[in-house]
Amino acid sequence: MKNNSKINITIWNVNSVRKRLNSIDKFLKAYSPDILMLQEIKVRNDLFPFQFFRDFGYRFIHHEGETTGYNRVAIIAKEDLEIIPKISFIKDARHLAVKIRNDIDLHNFYIPAGGDIPDVSKNIKFKEKLELIDKLTAWFKNNKSKNDKVIIAGDLNIAPLRNDVWSHKQLLNIVSHTPIEVEKLLNLYKSIGFKDSVRKFIPESEKLYSWWSYRARDWEKSDRGRRLDHIWSSGNLDEKVMAANIIKSTRNHDLPSDHVPVSIDINL
DNA sequence: ATGGTTGGTTACCAA
């Protein structure tokens, strides 16, 4: 990557990379991001569609071997990136990190959804989700400072703002928008002074979603979405973020993911 | 208040 150039970073929970090849093909032809960070690729290393991405000119494809085809994230880029150590306590290949421009840490996260019941005494998955976010908050506080250049992105499975969900009132007790999750996520946000690179361009007064359930009869008409996918940059990078985009059109592809891509353009 | 859909080395579980 040349100095002083615009870089597009796109995140996308594809809900199985193999099922989504036609949709990803359409998206890459139209948007051609420099760095593509996928979540929920649901594929083992040996079955990953390497050639598909190489044919689009992506020479850097980073994901890690696990025996199961669940969860998992990948970082794909046009140019080689330096791989940096994973955060050790995140399981199920839900995290990978790289360094860009020699000094910016770029993290790809897939935070667990946390089950259906928003009660830590009845639902271990909800408990583990909250604990993971607490651990991440502590990790950033202990390992990074407000002067470090850090971008964290991915499916965080929490919609923090009132207008990040179709009905604040009706989702208060629904996992992804409960006050306890929102509080935990805000602590992570404040840990080293992250900024929301997408809300920077779209005021909090406007509804904004990145996910629509498969269960709706007509997802677009009912429009009961949530903004679960986020890109945050640390304070000294925020001013270099020049644009953000949620590519809602992919939700109308044949065999779509329930999430749509979220991207930023950043001048580096 | 209930049920609705999708995916995985799948016939249950997670999302």
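In the text below, chain A, chain B and the rest are named by the order of the sequence lines, each starting its count at 1. Computed from heavy atoms alone, side chains included, the values below leave out hydrogens, waters and symmetry copies.
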_Closest listed nucleotide, where the reference is the side chain of R215(A) and the choices are dG4(B), dG7(B), dT6(B)_ = dG4(B)

*Choose from dT6(B), dG7(B), dA15(B) the nucleotide whose nearest atom is closest to any side-chain atom of E40(A).*
dA15(B)

Rounding to an integer number of angstrom, what distance separates [N] and [M] when you compare their [atom1] atoms?
| N | M | atom1 | result |
| --- | --- | --- | --- |
| dA15(B) | dT9(B) | P | 14 Å |
| dA11(B) | dT6(B) | C1' | 15 Å |
| dT10(B) | dA14(B) | P | 15 Å |

Quickly work out the [X] [atom1] to [N] [atom2] distance and round it to whole Å.
| X | N | atom1 | atom2 | result |
| --- | --- | --- | --- | --- |
| N13(A) | dT5(B) | CG | P | 20 Å |
| N71(A) | dT6(B) | CG | C1' | 15 Å |
| K42(A) | dA14(B) | NZ | P | 12 Å |
| H259(A) | dA15(B) | NE2 | C1' | 8 Å |
| E128(A) | dA14(B) | CD | P | 11 Å |
| I174(A) | dA15(B) | CD1 | P | 16 Å |
| K129(A) | dA14(B) | NZ | C1' | 13 Å |
| D218(A) | dG3(B) | CG | P | 22 Å |

Got [X] and [Y] here, is their nearest side-chain heavy-atom distance under 4.5 Å?
| X | Y | value |
| --- | --- | --- |
| N15(A) | K42(A) | yes |
| I158(A) | S176(A) | no |
| W219(A) | R224(A) | no |

_Under 3.5 Å, is there a donor on one side chain and an acceptor on the other for N267(A) and K6(A)?_
no

Can you see if the side chain of [X] gets near the phosphate of [N] - specifically, an N or O under 4.0 Å from OP1 or OP2?
| X | N | answer |
| --- | --- | --- |
| R226(A) | dA15(B) | no |
| K125(A) | dA14(B) | yes |
| R20(A) | dG7(B) | yes |
| S16(A) | dG8(B) | yes |

*Pull up the glycosidic torsion of dT9(B) and say syn or anti, syn being anything within 90° of 0.*
syn

*asked:* Both G115(A) and N15(A) contact DNA chain B. Taking the nearest nucleotide for each, which residue is further toward the 5' end?
replied: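 The 5'-side residue here is N15(A).
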
_Let me spell it out: for each of G114(A) and V17(A), pick the nucleotide of DNA chain B with the closest heavy atom. Which residue's pick is nearer the 5' end?_
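Of the two residues, V17(A) wins.
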
*Sugar-phosphate, base or nothing in reach of R18(A), heavy atoms under 4.0 Å*: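 Sugar-phosphate: the residue R18(A), judged by heavy atoms under 4.0 Å, touches backbone atoms but no base.
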
*I151(A) and V73(A): same hydrophobic cluster, using ILVMFWY side-chain contacts below 4.5 Å?*
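Yes, one cluster joins them.
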
_Opposite nucleotide pairing with dT2(B), Watson-Crick or G-U, both atom distances under 3.5 Å_ =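 Because no pair has both required distances under 3.5 Å, dT2(B) counts as unpaired.
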
*Watson-Crick or G-U wobble partner for dA11(B), using a 3.5 Å limit on both distances?*
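By the stated definition (distances under 3.5 Å), nothing pairs with dA11(B).
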
_Positive for side chain to side chain donor-acceptor pair (under 3.5 Å) with H177(A), one of R226(A), Q170(A), H168(A)_ =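 Testing H177(A) for a side chain to side chain donor-acceptor pair (under 3.5 Å) against R226(A), Q170(A), H168(A) leaves exactly one candidate, H168(A).
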
